[in-house]
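Labels below follow one simple rule: chain letters A, B, ... track the order of the sequence lines, proteins then strands, and each chain is numbered from 1.
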Amino acid sequence: MDENATPTPTDFVRQIVADDTKSGKWDGRVVTRFPPEPNGYLHIGHAKSICLNFGIAREFGGTCHLRFDDTNPTKEEDEYVLAIQRDVRWLGFDWGEHLYYASDYFDQLHAWAIQLIQAGKAYVDEQTSAEIRASRGKLASRGVESPHRDRPIAENLDLFARMTAGEFEEGTAVLRARIDMEAPNQHLRDPVMYRILKASHHRTGAKWCVYPMYDWAHGQSDSIEKITHSICTLEFREHRPLYDWYLDTLGVYHPQQIEFARLNVSFTVMSKRRLLNLVEEDLVRGWNDPRMPTISGMRRRGYTAEAIRHFAAIIGVDTTESTVDVALLEHCVREDLNKRSPRFMGVLRPLRVVIENYPEGRTEEVDAVNNPEDPAAGSRKVPFGRVLYIERDDFMEDPPKQFFRLAPGREVRLRYAYFVTCTNVVKDPATGEIVELRCTYDPATKGGDSPDGRKPKATLHWVSAEHAVPAEVRLYDHLFTREDPDEVAEGQGWRANLNPRSLETLTGCRLEPALGDLPVESRVQFERLGYFCVDPDSKPGAPVFNRTLTLKDEWARLQKKGKTA
RNA sequence: UGCCCCCUCGUUCAAUGGCAGGACCCCGGACUUUGGAUCCGGGUAUGGUGGUUCGAAUCCACCGGGGGCAACCA
């Protein structure tokens, strides 16, 4: 997509950055970061954050770091690290040499922890996690101080050293910041800084027995990297006082945390926990299932990076929790695909048509425009013959008034070819099913125009039976049947709203020859049907297509409204 | 019965004390060798009540509604 078509967004985060740049608050530097935890694949919500962080860096001449927030070895895997990098790159962003891991900072973090202990600002607590949770107090009440809170500094130092050395079992001790058990903000009630985890870390292996908690790791990582604007989602707003406390207490470089509303999209779920659940329970075919709101899923589905970036630009950035209509995302994809997709003809549910007055054994080629939106795309030849396939939906034996397509005795245009008139309907005598149409064609209409000015009300797509490529086509619908998957009956979970018809696999489709050998991920339009792309499951001579999205369909709209009497 | 945050067309984002506007969506029409695309027109919004002000979506107060926070997750 033309970069000019996407206006540079203006939002409150960019406003802050612009103001800071102007005032010289950070010496004119702009450094942001995208800090995913490698415990799942990136989704469209992350895309919003990626576009925000990398976008701001690009617009203000700054840099954006990719930092893996890998502080929990029990949930994180290298597979995710690789997938995340691939997805960010595919989206069109580049972190240059600024690839970091929170685990790179474990030594520094540990040294800082000792510094806090020495300052009397942290202590080792040997209460159980249940005791700690209970003593932290309810939402409306205050917390109670740990019996270990006032233990001597030397003892804390010793205990923490032994925790680090692996002398204690998991769950037997933690290091806590010594702040205020009566703070109205729960996060300030002596938060845990380190817990004992005897798990192998994807990068540091068995080096550590203690791992930093998110709050302890995140702000300090920002500080080490000299981040200027640490942009995160709304749920971390109440963590900000803690973010600030750690940095201030340590007396180190202190970035500004800014929170924005995470993206929700209708008819899907966005939490990594739920997406992981769908994958693990085989409710979808993996993280990159085309029905998933993951970046890799959308990519496999045929969405373009440009469309996703444009979507991110127009939804804006705000502090109000909201759910964006999936139709807006789909609009962005259609808009982009309309401009760039070469057109072809493909028949999903074939109905055989014999042109009775067309000579047996004859074949000719007709000229077809590749993309009416792009004259530079040129044209191609499409073979035509006596036996064709058309879409079953394009014929009705007894059509309602609003049906413009083929019917007995009616003339329609075959796109780029000829006008044909249906003369007979052949049915299976046993089932009554229509198995073939007999038609005649008007040789004077070659190319699709009649010298006498006749204008059929419909133009149909078709393929020559002799030349057609057989294919599998996968049709997708929304993953959930409700705008809000959480809207469920008593006692039911979000999965009750999974759409049982989110995937429909069609075999025996017939495509024009040019579609037989396209590279994986090629994106095309099947005329009158929608946008499709080549799935990696394709084999030579046996392509598999995913339907990215349908075209808008006036006839389908009328049917849906029941106005087709 | 604590703390924090948020309420503008159906949805979403603008309007930074000065004519409430755009996009999506929906409806209707034009055009059309894709019932596509495109173009044109239409579509009951500032949660409520007070206050400040020449003037309030915007500032203040109260009320109402919604969301977040009680992992040794991030």
For [X] and [N], give me the distance from atom [atom1] to atom [atom2], rounded to whole Å.
{"X": "Asn371(A)", "N": "G36(B)", "atom1": "CG", "atom2": "P", "value": "16 Å"}
{"X": "Asp69(A)", "N": "C73(B)", "atom1": "CG", "atom2": "P", "value": "14 Å"}
{"X": "Arg343(A)", "N": "G36(B)", "atom1": "CZ", "atom2": "C1'", "value": "8 Å"}
{"X": "His331(A)", "N": "C13(B)", "atom1": "NE2", "atom2": "P", "value": "17 Å"}
{"X": "Glu335(A)", "N": "G36(B)", "atom1": "CD", "atom2": "P", "value": "17 Å"}
{"X": "Gln402(A)", "N": "G28(B)", "atom1": "CD", "atom2": "P", "value": "12 Å"}
{"X": "Tyr211(A)", "N": "C72(B)", "atom1": "OH", "atom2": "P", "value": "18 Å"}
{"X": "Leu188(A)", "N": "G2(B)", "atom1": "CG", "atom2": "C1'", "value": "14 Å"}

Classify the nucleic acid contact of [X] as base, sugar-phosphate or nothing, counting any heavy atom under 4.0 Å across all strands shown.
{"X": "Asn72(A)", "answer": "sugar-phosphate"}
{"X": "Glu330(A)", "answer": "nothing"}
{"X": "Arg136(A)", "answer": "sugar-phosphate"}
{"X": "Lys138(A)", "answer": "base"}
{"X": "Val174(A)", "answer": "base"}
{"X": "Asp215(A)", "answer": "nothing"}
{"X": "Tyr416(A)", "answer": "base"}

Syn or anti conformation of A15(B), syn meaning chi within 90° of 0: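 Anti.
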Below 4.0 Å: OP1/OP2 of [N] and any side-chain N or O of [X]:
{"X": "Lys457(A)", "N": "G35(B)", "value": "no"}
{"X": "Thr320(A)", "N": "C13(B)", "value": "no"}
{"X": "Arg557(A)", "N": "G28(B)", "value": "yes"}
{"X": "Arg195(A)", "N": "A74(B)", "value": "yes"}

Distances under 3.5 Å between protein N/O atoms and the N/O atoms of nucleotides 63-67 of chain B, please, pair by pair.
none

Is a salt bridge present between [X] and [Y], judged by a nitrogen-to-oxygen distance below 4.0 Å?
{"X": "Glu126(A)", "Y": "Arg151(A)", "answer": "yes"}
{"X": "Arg67(A)", "Y": "Glu225(A)", "answer": "yes"}
{"X": "Glu411(A)", "Y": "Arg454(A)", "answer": "yes"}
{"X": "Glu391(A)", "Y": "Arg405(A)", "answer": "no"}
{"X": "Asp367(A)", "Y": "Lys381(A)", "answer": "yes"}
{"X": "Arg203(A)", "Y": "Asp70(A)", "answer": "no"}
{"X": "Asp11(A)", "Y": "Arg14(A)", "answer": "yes"}
{"X": "Arg274(A)", "Y": "Asp486(A)", "answer": "yes"}

Whichever of Leu329(A) and Asp325(A) has its nearest RNA chain B nucleotide further upstream toward 5':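 Between the two, 5'-proximity favours Asp325(A).
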Earlier contact from the 5' end, RNA chain B, for Gly448(A) and Pro212(A):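 Looking at RNA chain B, the more 5' nearest nucleotide goes with Gly448(A).
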Side chain [X] and base [N] donor-acceptor under 3.5 Å:
{"X": "His310(A)", "N": "A23(B)", "result": "no"}
{"X": "Glu373(A)", "N": "G36(B)", "result": "yes"}
{"X": "Arg528(A)", "N": "G35(B)", "result": "no"}

Distance between C1' atoms of U46(B) and A57(B) (Å, rounded):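 Those two atoms are separated by 5 Å.
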Gap in Å between the two P atoms, one belonging to U8(B) and one to U58(B), rounded: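 One P to the other, the span is 13 Å.
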Aromatic ring pairing Phe160(A)/His110(A), orientation class (parallel under 30°, perpendicular over 60°, tilted between):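 Parallel, since the angle between the ring planes stays under 30°.
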Check for a donor-acceptor pair, side chain of [X] on one end and backbone N or O of [Y] on the other, with a separation under 3.5 Å.
{"X": "Ser341(A)", "Y": "Asn338(A)", "answer": "no"}
{"X": "Asp87(A)", "Y": "Ile84(A)", "answer": "no"}
{"X": "Asn185(A)", "Y": "Glu238(A)", "answer": "yes"}

Sub-4.5 Å side-chain heavy-atom contact between Phe260(A) and Ile231(A):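 Side-chain contact under 4.5 Å: yes.
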Aromatic ring proximity, centroids under 6.0 angstrom, His218(A) and Phe236(A):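 Here the rings of His218(A) and Phe236(A) have centres that are no less than 6.0 Å from each other.
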Strand RNA chain B in bracket notation, Watson-Crick/G-U under 3.5 Å with | for pairs to another chain: .((((((..((((....[..))))((((((.......))))))...(((((..]....))))))))))).....
Minimum-distance nucleotide to Leu328(A) side chain [options: G35(B), C24(B), A74(B)]: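 Of all the options, the side chain of Leu328(A) is nearest to C24(B).
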Those residues of residues 124-135 of chain A lying under 4.0 Å from RNA chain B by at least one heavy atom: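 Result for residues 124-135 of chain A: Gln127(A), Thr128(A), Ser129(A), Ile132(A), Arg133(A), sorted by number.
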